[in-house]
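To start, the structure itself, in structure tokens.
The sequence lines fix the lettering, A, B, ..., with proteins before strands; numbering per chain opens at 1. Being a predicted model, the structure only gives us computed values, none of them experimental.
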2 protein chains.
Amino acid sequence: MSGNNITKLSTGVSGVKTTVSDTDRLVAELRRRIVNNQMPPGSRLREYELAEEFNVSRSRVRDAFGVLEERGLIERIPNKGAVVMRLEADSFLELFDLREVLEGLMVRLATENAAPEYWDELIDLFGPELAQAVEKNDFNAYLAAIAKFRQTCINAAGSTMLAGVLDDLYDRVLAMTRRLMLVPGRASEGFRQHQEILQAMKAGDVVLAEELKRANIRSARSWFMKYSDFLL
Amino acid sequence: MSGNNITKLSTGVSGVKTTVSDTDRLVAELRRRIVNNQMPPGSRLREYELAEEFNVSRSRVRDAFGVLEERGLIERIPNKGAVVMRLEADSFLELFDLREVLEGLMVRLATENAAPEYWDELIDLFGPELAQAVEKNDFNAYLAAIAKFRQTCINAAGSTMLAGVLDDLYDRVLAMTRRLMLVPGRASEGFRQHQEILQAMKAGDVVLAEELKRANIRSARSWFMKYSDFLL
DNA sequence: GCAGAATATATTGTTGACAATATTATCGGC
DNA sequence: GCCGATAATATTGTCAACAATATATTCTGC
């Protein structure tokens with residue numbers, strides 16, 4: 001096995017990139033493992049080990065580590081190796097502050113740009129069926145719906161830069177959301193908030209939609225602070 | 001020359017990193033050249049060429065390209081090479097939207113955290129002397145003052161995540177600021193706005209400070225739109 | 001048995017050589 | 001002279017071997 005190894009493939013997600021390399025696949029898989037806590041914070045990542053597992057050279061693993069580090073998912077200490085970044089309470093709070101202004105902007109731009117009908121699909125998704133699933137603690141369904149909401153908004157917002165920044169933070173947001181959802185009552189509250197936001201967006205009420213989204217994050221923040229002892 | 005080559009050195013800027021590698025130095029220098037337009041958009045970056053110039057191996061250059069790409073300063077096309085990213089009008093407008101919420105947040109957090117006296121130094125810096133320099137089109141002095149303002153705020157805000165996001169965008173902000181300053185009248189207006197923001201910050205008026213900073217960016221945005229024909 | 005030095009092992013950091021690909025130059029036919 | 005095919009060159013992509021460093025183990029004197 002030698003030489004170049006880039007398979008043509010569209011990434012699907014509004015991407016400019018049309019090729020996916022070994023490095024990209026590595027990054028994706030390692031991201032997944034870290035966010036899913038299969039590799040909990042503090043875990044060591046050994047280059048050779050991963051190189052063998054994925055049948056790639058150490059250089060690819062090393063490249064992947066580079067972007068993972070840039071994204072703040074791992075920490076690299078010279079000559080010692082890479083460990084999964086530990087998320088402190090402080091950085092969670094910082095993350096909420098950032099999300100408040102950024103996701104608020106996202107919703108504002110999306111509301112400005114999209115026609116009212118654009119939101120019908122999402123409004124349908126956030127319907128009675130999902131409501132029941134949330135009550136029954138079907139977190140995967142809820143998580144998928146939230147991801148869909150996010151992606152639909154980003155597409156409508158139409159700002160590649162905003163999309164990039166949100167994407168940079170996404171891993172950490174996901175890691176936190178997964179935990180926060182476990183707190184009794186939070187999921188159903190978040191669900192209702194999303195319904196309200198969607199109504200405002202369909203109504204084209206730019207200001208209200210942004211404010212509701214910001215309130216949504218602030219609410220999540222206060223839940224987090226209340227239960228931080230359990231969540232960290 | 002072979003083997004590891006990492007010189008111990010503190011980065012100074014509130015950094016967690018305490019070492020600076022060849023790659024880091026490369027990134028810094030290339031950033032500088034790109035932002036200063038010594039490497040205008042569309043320029044091609046050849047790996048071997050740079051490797052020779054900096055007396056490093058191509059791998060280091062390649063690593064540097066990786067972070068430059070992640071930062072959106074260059075674009076890498078497989079088997080073709082790296083070119084300096086071309087900044088389109090759209091992305092400038094996107095950048096203004098982002099700056100409005102992010103720098104607003106920066107000022108808000110900074111105002112919340114810092115004591116009134118903290119701002120005296122900056123208020124002094126943005127005094128009559130600098131005002132005169134701005135009138136005389138001494139752009140370097142103004143640019144340095146703005147950079148100082150930014151850094152002081154980031155330090156006071158105390159959010160490493162926000163600092164990271166702002167840093168990611170900094171190169172593009174700088175590139176744009178340098179051009180926008182050339183527009184007659186913009187620099188002195190921006191100067192006055194910074195004075196007002198600082199007054200609000202010293203007064204501890206969190207809401208007003210944030211709103212003034214946001215207005216500052218919106219104002220810059222409208223100047224840009226008006227003169228975009230000359231600036232692009 | 002234990003602290004500290006010396007050795008062995010594991011792991012990361014770096015490089016130069018080679019493969020794959022794209023770009024440019026050359027050449028023959030019309 | 002111009003166009004397409006073919007060869008030559010330049011440039012990037014990948015890897016495997018080696019160097020440097022950190023960690024674990026063994027040894028030694030007490």
**Report entry** Of all pairs that satisfy ring-ring contact (aromatic ring centres under 6.0 Å, His included), the ones with a partner from residues 143-173 of chain A, not counting sequence neighbours
**Finding:**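 Qualifying pairs: A/Phe149-A/His194.
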Query raised in the report: Can you list every pair that meets ring-ring contact (aromatic ring centres under 6.0 Å, His included) and has a residue in residues 49-98 of chain A, with sequence neighbours left out?
Result: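 Of all non-adjacent pairs touching residues 49-98 of chain A, those that pass ring-ring contact (aromatic ring centres under 6.0 Å, His included) are A/Phe92-A/Phe224, A/Phe96-A/Phe224.
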Requested in this report: Tell me whether the OP1 or OP2 atom of C/dT12 has a side-chain N or O from A/Arg62 closer than 4.0 Å.
Outcome: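 So the side-chain polar atoms of A/Arg62 never come under 4.0 Å of the phosphate oxygens OP1 or OP2 of C/dT12.
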Query raised in the report: Excluding sequence neighbours, so at least two apart, what forms side chain to side chain contact (heavy atoms under 4.5 Å, CB included) with A/Glu53?
Result: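 Scan of A/Glu53 (side chain to side chain contact (heavy atoms under 4.5 Å, CB included), adjacent residues dropped) gives A/Arg33, A/Leu50.
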Query - Partners passing side chain to side chain contact (heavy atoms under 4.5 Å, CB included) against A/Lys148 (at least two apart in sequence or in another chain) - result: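 With sequence neighbours excluded, A/Lys148 shows a side chain to side chain contact (heavy atoms under 4.5 Å, CB included) to A/Glu121, A/Leu122, A/Leu125, A/Thr152, given in chain and number order.
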Hey, what are the protein-to-nucleotides 9-11 of chain D N/O distances that come in under 3.5 Å?
{"from": "D/dT11", "atom 1": "OP1", "to": "B/Arg46", "atom 2": "NH1", "distance (Å)": "3.3"}

What's the [atom1]-[atom2] distance between [X] and [N], to the nearest Å?
{"X": "B/Asp63", "N": "C/dT14", "atom1": "CG", "atom2": "C1'", "result": "10 Å"}
{"X": "B/Tyr48", "N": "C/dT15", "atom1": "OH", "atom2": "P", "result": "14 Å"}
{"X": "B/Phe54", "N": "C/dT15", "atom1": "CZ", "atom2": "C1'", "result": "19 Å"}

Query - side-chain hydrogen bond (donor to acceptor under 3.5 Å, both in side chains) involving B/Glu70 - partner list, sequence neighbours excluded - result: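 Partners of B/Glu70 under the side-chain hydrogen bond (donor to acceptor under 3.5 Å, both in side chains) test: none.
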Query raised in the report: When only distance counts, do a donor and an acceptor, one from the side chain of A/Arg76 and one from the base of C/dG13, lie under 3.5 Å apart?
Result: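 Result: no qualifying N/O pair found.
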Query raised in the report: Is A/Arg58 side chain donor-acceptor paired with the C/dG13 base, going by distance under 3.5 Å alone?
Result: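 Side chain to base: pair present.
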Requested in this report: May I ask you to decide if A/Leu166's main-chain N or O and A/Arg150's side chain share a donor-acceptor pair within less than 3.5 Å?
Outcome: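 Checked: pair present.
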